[in-house]
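Below: the structure, in C-alpha cells.
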Amino acid sequence: MTELIKELMPQHVAIIMDGNGRWAKSRGVPRVAGHRAGMEAMKKIVDHSDKLGIKYLTVYAFSTENWKRSMEEVSGIFGLLVAFVKRDLKELIENNVRVEVLGDYSSIPEDARRSLQKTLDDTKADTGLQFNIALNYGARDEIRRSVEDIAAKVKAGQLEPEDVTEELIAEGLWTGKSHSYTPDPELIIRTSGEERLSNFLLWQGAYSEFVFTDVLWPDFTPEEYEKCIAEYQSRDRRFGGR
Ligand code: FPP
C-alpha cells in the first residue's frame with residue numbers, strides 16, 4: 001500500500017463516482033450491472049476511509065440531473081440503494097458509521113426512501129466515519145435553497161441584508177449546521193478521466209484539491225484511493241498548511 005502521512009490525512013474526502021456506464025459497456029452488460037459493481041467499490045471505500053481515519057466521506061450517488069436517465073436505470077440505482085442498506089446496515093452500525101444524506105430525498109421511490117430513513121435513524125448516534133450520500137443533489141439548487149431561507153427571514157424582518165454573511169449561506173447548505181454538519185472537503189476525487197465538477201459541492205469546494213484518475217469507478221480500489229490521497233498529500237506539502 002502507498003505510504004501515507006497520518007498528519008496530512010484529509011478530514012473530508014468527496015468523490016464523484018463516474019464511469020459505471022462505460023465499465024458496463026466494455027463488458028457488454030446492462031448499465032445497472034455497472035452501478036452494482038460501483039456499489040461494491042463504494043462499500044470498500046467506505047470501509048477503507050474509516051481505516052485511514054478519514055472523518056467524512058461524501059459520494060455523489062445521484063444528481064438532480066440523473067432523473068433524465070431511463071426509468072430502468074433510475075429504478076436500478078435506487079434498487080441498489082435498498083440492497084445496500086439491507087445487506088450492510090448492520091455492519092455500518094458495528095463500525096460506528098453515521099450515514100447522512102445531502103439532498104432532498106423526499107421525492108425518491110418510496111421503498112428507497114424508507115430504507116434510507118431507517119439507515120439515518122439507526123446510525124444517528126454513531127460517532128465514527130460520517131458517510132454522506134449525495135442523493136438528488138445539485139449544488140446550485142442547494143445554494144438557491146439556502147438563499148431562499150435567508151430571503152424569507154429578511155422579508156419577515158428577522159434579518160437585515162447586511163447580516164447575510166458567507167457563514168450564514170453555508171449554514172443553510174446540506175453540509176451546513178442546519179443539516180449534516182460537514183466541513184468543506186480538502187480533497188475531491190473524480191474517476192473515469194472526466195475533469196469536471198458537474199454541479200457537485202460548488203460552494204464547499206472553493207479551496208479543495210482535485211485529483212482525477214482514469215480508473216472507472218467499479219475498478220476503483222482502496223489501493224487507487226490511497227494513490228489519490230498520496231497525490232493530495234504531496235500537493236499539500238508543497239503549498240504548506242492551510
Ligand atoms: C456515474 O456513472 C454513476 C452514477 C450516476 C451512479 C452512482 C451509483 C452507484 C455507485 C451505486 C449506487 C449507490 C447508492 C448509494 C445509490 P455513469 O453512469 O455516469 O457512467 P458513464 O459516464 O460511464 O456512463
Side-chain angles (χ1 to χ4, degrees), residues 11-20 32 34-50 54-67 69 73-93 95-126 128-139 141-142 145 173-176 178-185 187-191 197-202 204-205 217-218 220 225:
Q11 198 187 180
H12 177 193
V13 180
I15 307 183
I16 303 176
M17 310 182 290
D18 198 6
N20 295 348
V32 175
H35 294 313
R36 184 171 305 112
M39 186 181 81
E40 300 303 341
M42 181 183 83
K43 173 66 181 22
K44 291 199 186 98
I45 298 307
V46 172
D47 293 346
H48 206 63
S49 298
D50 196 29
I54 288 162
K55 299 278 181 272
Y56 302 83
L57 172 70
T58 301
V59 297
Y60 204 4
F62 197 85
S63 74
T64 46
E65 289 76 33
N66 285 153
W67 293 106
R69 298 189 178 200
E73 185 173 354
V74 170
S75 56
I77 292 175
F78 287 114
L80 284 169
L81 181 66
V82 176
F84 170 66
V85 170
K86 205 178 239 169
R87 193 191 66 184
D88 294 332
L89 179 57
K90 204 165 145 258
E91 196 186 326
L92 291 172
I93 297 169
N95 291 338
N96 202 17
V97 174
R98 176 161 140 219
V99 180
E100 289 279 356
V101 174
L102 310 187
D104 176 10
Y105 62 97
S106 63
S107 54
I108 68 170
E110 180 62 19
D111 56 339
R113 201 184 52 71
R114 252 188 284 119
S115 297
L116 205 55
Q117 194 57 56
K118 180 171 166 45
T119 311
L120 302 185
D121 294 343
D122 290 0
T123 65
K124 210 181 173 144
D126 290 350
L129 173 75
Q130 182 172 316
F131 176 41
N132 293 326
I133 306 176
L135 206 62
N136 192 21
Y137 173 87
D141 175 66
E142 80 169 338
R145 282 165 186 267
L173 304 178
W174 294 112
T175 45
S178 52
H179 296 287
S180 71
Y181 235 112
T182 308
D184 291 344
L187 168 61
I188 297 179
I189 298 171
R190 184 169 189 154
T191 58
L197 213 37
S198 300
N199 205 17
F200 186 54
L201 304 180
L202 296 182
Q204 300 87 336
W217 178 253
F220 192 78
Y225 189 34

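- By the side chain to side chain donor-acceptor pair (under 3.5 Å) test, S180 is found to be paired with T182, residues two or more places apart in sequence or in another chain being considered.
- E40 meets the side chain to side chain contact (heavy atoms under 4.5 Å, CB included) test with R87; sequence neighbours excluded.
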Could you walk me through whether T175 and L102 pass side chain to side chain contact (heavy atoms under 4.5 Å, CB included), step by step?
CA-CA 7 Å; T175 45; L102 310 187; 4.0 Å; yes
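- Not a single ring pair (Phe, Tyr, Trp, His ring centres under 6.0 Å) links Y105 to another residue, sequence neighbours left out.
- In terms of the ring pair (Phe, Tyr, Trp, His ring centres under 6.0 Å) criterion, residue partners of Y60 (sequence neighbours excluded) are, by chain and number, Y137, F200.
- Counting only heavy atoms from C-beta outward, the side chains of D88 and V46 never approach each other to under 4.5 Å.
- When the salt bridge (Lys or Arg N to Asp or Glu O under 4.0 Å) test is applied to K44, no partner is found at least two apart in sequence or on another chain.
- The minimum heavy-atom distance between M39 and F84, with the atom names listed, is SD-CB, 3.5 Å.
- Only one option out of Q204, H12, Q130 pairs with T58 in a side chain to side chain contact (heavy atoms under 4.5 Å, CB included); it is H12.
- Of all non-hydrogen atoms in V82 and S115, the two that sit nearest each other are CG1-OG, 3.7 Å.
- Contact annotation: the side chain of N199 approaches that of L202 to within less than 4.5 Å [non-hydrogen atoms, C-beta and beyond].
- Rounding to the nearest 0.5 angstrom, the gap separating the CZ atom in R36 from the CG atom in L80 is 5.5 Å.
- For R145, the side chain to side chain contact (heavy atoms under 4.5 Å, CB included) partners two or more places apart in sequence, or in a different chain, are D104, D141, W174.
- A distance of 12.5 Å separates CD1 of I108 from OG of S75, quoted to the nearest 0.5 Å.
- Between L135 and L81 the shortest side-chain heavy-atom distance falls below 4.5 Å.
- Distance check: S49 OG to F131 CZ gives 8.5 Å after rounding to the nearest 0.5 Å.
- When atom types are taken as modelled, the side chain of T191 and the backbone of D18 share a donor-acceptor pair closer than 3.5 angstrom.
- Interatomic distance, L187 CG to I54 CD1, rounded to the nearest 0.5 Å: 8.0 Å.
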Step-by-step side chain to side chain contact (heavy atoms under 4.5 Å, CB included) determination, L129 to L57
CA-CA 7 Å; L129 173 75; L57 172 70; 4.2 Å; yes
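- For E110, the side chain to side chain contact (heavy atoms under 4.5 Å, CB included) partners are R113, R114, not counting sequence neighbours.
- Between P183 and K55 there is no side-chain heavy-atom pair separated by less than 4.5 Å.
- Evaluation of the salt bridge (Lys or Arg N to Asp or Glu O under 4.0 Å) rule for E100 yields R98 as partners, not counting sequence neighbours.
- With contacts defined as side-chain heavy-atom distances shorter than 4.5 Å, the pair I15/M42 does not qualify.
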Check step by step if side chain to side chain contact (heavy atoms under 4.5 Å, CB included) holds for I133 and T119.
CA-CA 11 Å; I133 306 176; T119 311; over 6 Å; no
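- Under the ring pair (Phe, Tyr, Trp, His ring centres under 6.0 Å) criterion, F62 pairs with W67, F78, sequence neighbours left out.
- Scanning both residues, I77 and A61, for their nearest heavy atoms gives CG2-O, 4.4 Å.
- Residues forming a salt bridge (Lys or Arg N to Asp or Glu O under 4.0 Å) with D126 (at least two apart in sequence, or on another chain): none.
- Other residues, nucleotides and ligands place more than 12 heavy atoms under 6.0 Å from the NZ atom of K43.
- Using a 4.5 Å heavy-atom threshold, the side chains of S107 and N136 count as touching.
- Legend: residues meeting salt bridge (Lys or Arg N to Asp or Glu O under 4.0 Å) with K90, ordered by chain and number and at least two apart, are E94.
- For the pair N95 and D50, the tightest heavy-atom approach, listed with the atom from each and the gap, is O-OD2, 3.7 Å.
- Between T123 and V97 there is no side-chain heavy-atom pair separated by less than 4.5 Å.
- Qualifying side chain to side chain contact (heavy atoms under 4.5 Å, CB included) partners for N20, counting only residues two or more places apart in sequence or in other chains: H35, W217, P218.
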